[in-house]
Colleague: 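So that we are looking at the same thing, I have put the structure below in structure tokens.
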Amino acid sequence: MRGGLPISRRSVFKLRQVGIGTLGSAKIKILLCGCVVLSLLAIANRNRDSSSFMGWTGDFDRSSSPRGRYSIVINTWKRYDLLKKSISHYTSCPRLDSIHIVWSEPDPPSDSLKRYLNHVLRSNSRKDQQVELVFDINKEDSLNNRFKEIKDLKTDAVFSIDDDVIFPCTSVEFAFTVWQSASDTMVGYVPRMHWVDQKKGENKYKYGGWWSVWWTGTYSMVLSKAAFFHKKYLKLYTDEMPASLKEYITKNRNCEDIAMSFLVANATDAPPIWVKGKIFEIGSTGISSLGGHSERRTECVNKFVDEFGRMPLVPTVMKAVDSRYSWFW
């Protein structure tokens, strides 16, 4: 009996090891099966337009109320091919109500340009909603014109864009939905940051371009070349923005976008919201491509701080992502 006891224990031990191994293998198989099922569900979920893996239904308010639609205000200057491409694209977006073209050229828009754009409008507009096209003619050539109050604007939401960038309608619709949840702030695709200039002291700042945002994940502005904001800020800019700053912007042909960021932040004490979205640059040149751009923007930031009497911009790290189309949210 004494000689058989160790053998019996070894046998039991081996049986336990086999059992544990079998159970472990079964757990791994169950886990793998669970992962496969979840992956299939996620893939199927991404292909559905009306739901997301996070449980958001994505149902849009397609009513004709001021908050259910938006207006595009597009800034342009002698780039008619780009303007035609932009108008041709955006007229097919579902909740677009009107397009206002900020025209600051010395000559009025040609009849041929008007005919072409109106034809595009009739061809691309949805049957249930005819988009209105308006040329807002300005006598003075100034970047401030893009923020002039529009008296007959029917929507609360304004989507401010430049003529050389295009965003898919799905991205625009998502950004609009984000703006509806925070309609007092700016919601946009192009983030920028201000930094304290350590060499010059606490009250002096530097303008941070895209790379500083990419490196730190922090931003305090979204540029008006692609941003939603409430129409009330057009009136506020027109009536309340200091004349000295408007003159500065007109003279230097720069920084009107920073001025709008200052204006909104000063009114809300809240940060903007950066929305992830695809950006298609269809233009080849712009102000930002010129030498000394960052230095001029830094000068603008500090001038605006002096005029406002404080730094109103609020840094944040929040980013809005459409979970329906992002694999890793």
Side-chain angles (χ1 to χ4, degrees), residues 61 65-73 75 143-144 146-150 153-161 172-196 202-203 205-208 212-213 216-246 248-249 255-277 297-298 300-321:
D61 174 14
S65 68
R67 283 187 57 82
R69 309 189 75 84
Y70 60 88
S71 300
I72 283 179
V73 175
N75 197 51
L143 288 175
N144 293 300
R146 71 182 307 164
F147 299 135
K148 276 188 176 180
E149 182 184 8
I150 302 174
L153 199 62
K154 298 175 184 177
T155 66
D156 288 343
V158 172
F159 183 40
S160 172
I161 56 172
V172 177
E173 294 289 306
F174 175 65
F176 178 47
T177 303
V178 174
W179 175 84
Q180 286 179 307
S181 69
S183 59
D184 282 338
T185 193
M186 291 184 72
V187 175
Y189 300 93
V190 187
R192 294 294 184 264
M193 181 59 187
H194 71 282
W195 302 101
V196 173
E202 293 183 359
N203 297 322
Y205 300 89
K206 294 190 295 184
Y207 175 81
S212 70
V213 175
T216 64
T218 306
Y219 65 99
S220 58
M221 297 173 271
V222 290
L223 302 186
S224 57
K225 69 180 295 180
F228 277 96
F229 53 79
H230 198 284
K231 68 177 180 181
K232 64 185 177 183
Y233 294 120
L234 295 178
K235 179 175 175 57
L236 196 63
Y237 191 102
T238 301
D239 296 342
E240 302 297 334
M241 182 64 72
S244 59
L245 292 188
K246 289 182 181 178
Y248 178 85
I249 290 166
C255 299
E256 86 289 351
D257 49 359
I258 297 177
M260 178 56 87
S261 289
F262 266 70
L263 183 81
V264 176
N266 191 61
T268 62
D269 287 321
I273 300 175
W274 173 20
V275 175
K276 180 182 178 181
R297 306 280 275 183
T298 291
C300 290
V301 168
N302 286 295
K303 182 169 182 61
F304 295 166
V305 168
D306 291 341
E307 192 71 39
F308 277 77
R310 68 182 186 116
M311 167 52 78
L313 299 177
V314 181
T316 183
V317 296
M318 184 175 68
K319 183 178 182 180
V321 179

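Model, not experiment: these values are computed from the prediction. Counting from 1, the numbers follow the sequence of the chain as shown. Just the heavy atoms: all of them, side chains too, but no hydrogens, waters or symmetry mates, feed the values below.
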Colleague: For I249 and C255, work out which heavy atoms get closest and say how close.
Modeller: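 Answer, listing the atom of I249 first, then C255: CD1-O, 4.2 Å.
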
Colleague: Can you see whether W274 has K319 sitting over its ring - NZ or CZ less than 6.0 Å from the centre and within 45° of the normal?
Modeller: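 Yes, K319 sits over the ring of W274.
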
Colleague: Would you mind reporting whether L313 and S261 have side-chain heavy atoms less than 4.5 Å apart?
Modeller: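 Yes, at least one pair of side-chain atoms sits under 4.5 Å.
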
Colleague: Does NZ belonging to K232 count more than 12 external heavy atoms closer than 6.0 Å?
Modeller: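 Above 12, so yes.
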
Colleague: Is there a donor-acceptor pair under 3.5 Å between the side chain of Y219 and the backbone N or O of M318?
Modeller: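 Yes, because the side chain of Y219 sits within donor-acceptor range (under 3.5 Å) of the backbone of M318.
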
Colleague: Working to the nearest 0.5 Å, report the span between CE of M241 and CE of M260.
Modeller: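 Taking CE in M241 and CE in M260, the distance rounds to 7.0 Å.
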
Colleague: Would you call the rings of F176 and W179 parallel, tilted or perpendicular, taking 30° and 60° as the class edges?
Modeller: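 If you compare the ring of F176 with that of W179, the planes turn out parallel.
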
Colleague: How long is the span from the CE atom in M193 to the OG1 atom in T218, to the nearest 0.5 Å?
Modeller: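 Separation between the atoms: 6.0 Å.
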
Colleague: Please check: side-chain N/O of T238 versus main-chain N/O of E149, any donor-acceptor pairing under 3.5 Å?
Modeller: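 Yes.
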
Colleague: How long is the gap from OH on Y70 to CD on E173, to the nearest 0.5 Å?
Modeller: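 Spacing of OH (Y70) from CD (E173) equals 4.5 Å.
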
Colleague: For Y207, does its backbone N or O pair with a side-chain atom of T298 as donor and acceptor, under 3.5 Å?
Modeller: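 Yes, because the side chain of T298 sits within donor-acceptor range (under 3.5 Å) of the backbone of Y207.
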
Colleague: Would you say N144's side chain and K246's backbone share a donor-acceptor pair under 3.5 angstrom?
Modeller: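 Side chain of N144 to backbone of K246: a pair is present.
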
Colleague: Return the minimal non-hydrogen interatomic distance between S212 and W195, and the atom names on each side.
Modeller: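 Answer, listing the atom of S212 first, then W195: OG-NE1, 3.4 Å.
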
Colleague: Side chains of I72 and I161, heavy atoms from C-beta outward: is any pair under 4.5 Å?
Modeller: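 A side-chain contact under 4.5 Å exists here.
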
Colleague: Not counting sequence neighbours, which residues clear ring pair (Phe, Tyr, Trp, His ring centres under 6.0 Å) with Y237? List them please.
Modeller: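 Only F147 meet the ring pair (Phe, Tyr, Trp, His ring centres under 6.0 Å) criterion with Y237.
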
Colleague: If we ignore hydrogens and angles and just use 3.5 Å, is the side chain of D156 paired with the main-chain N or O of H230 as donor and acceptor?
Modeller: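 Looks like no, no N/O pair under 3.5 Å.
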
Colleague: When rounded to the nearest 0.5 angstrom, what distance separates CZ in R310 from CG in N266?
Modeller: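 It comes to 4.5 Å.
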
Colleague: Give the intermediate values and the outcome of side chain to side chain contact (heavy atoms under 4.5 Å, CB included) for residues Y233 and T268.
Modeller: CA-CA 11 Å; Y233 294 120; T268 62; 3.3 Å; yes

Colleague: Supply the atom-to-atom distance Y205 OH to M311 CE, rounded to the nearest 0.5 angstrom.
Modeller: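 Spacing of OH (Y205) from CE (M311) equals 5.0 Å.
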
Colleague: Between the side chain of T185 and the main-chain N/O of P271, is any donor-acceptor distance below 3.5 Å?
Modeller: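 Yes.
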
Colleague: How would you list, by chain and number, every residue that makes a side chain to side chain contact (heavy atoms under 4.5 Å, CB included) with A226, sequence neighbours excluded?
Modeller: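 Listed in chain order: F167, Y189, V190.
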
Colleague: Supply the atom-to-atom distance R192 CZ to D257 CG, rounded to the nearest 0.5 angstrom.
Modeller: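 Rounded to the nearest 0.5 Å, the CZ-CG separation comes out at 9.0 Å.
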
Colleague: Check I273 against V178 and note the closest heavy-atom contact, atom names and distance.
Modeller: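 Here I273 and V178 meet closest at CG2-CG1, 3.9 Å.
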
Colleague: Within the structure provided, determine whether V222 and V275 are in side-chain contact (heavy-atom separation under 4.5 Å).
Modeller: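 V222 does not reach V275 side chain to side chain.
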
Colleague: Partners of D306 by salt bridge (charged side-chain N to carboxylate O under 4.0 Å, His left out), sequence neighbours excluded?
Modeller: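 Residues passing salt bridge (charged side-chain N to carboxylate O under 4.0 Å, His left out) with D306: none at all.
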
Colleague: Looking at A265 and P312, what are the two nearest heavy atoms and their distance?
Modeller: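 Between these two residues, the closest heavy atoms are CB-O, 3.5 Å.
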
Colleague: Decide yes or no for K231 and I150: does some side-chain heavy atom of the first lie under 4.5 Å from some side-chain heavy atom of the second?
Modeller: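 No, side chains not in contact.
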
Colleague: Donor-acceptor pair, distance only, cut-off 3.5 Å: does the side chain of R146 make one with the backbone of E256?
Modeller: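 No, R146 side chain to E256 backbone: no donor-acceptor pair under 3.5 Å.
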
Colleague: Would the distance check show the side chain of S224 and the main-chain N or O of S160 forming a donor-acceptor pair, the cut-off being under 3.5 Å?
Modeller: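 The answer is no, because no donor-acceptor pair under 3.5 Å joins these two groups.
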
Colleague: Closest heavy-atom contact between A157 and F228?
Modeller: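 Scanning both residues completely, I find the closest heavy atoms to be CB-CD2, 4.3 Å.
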
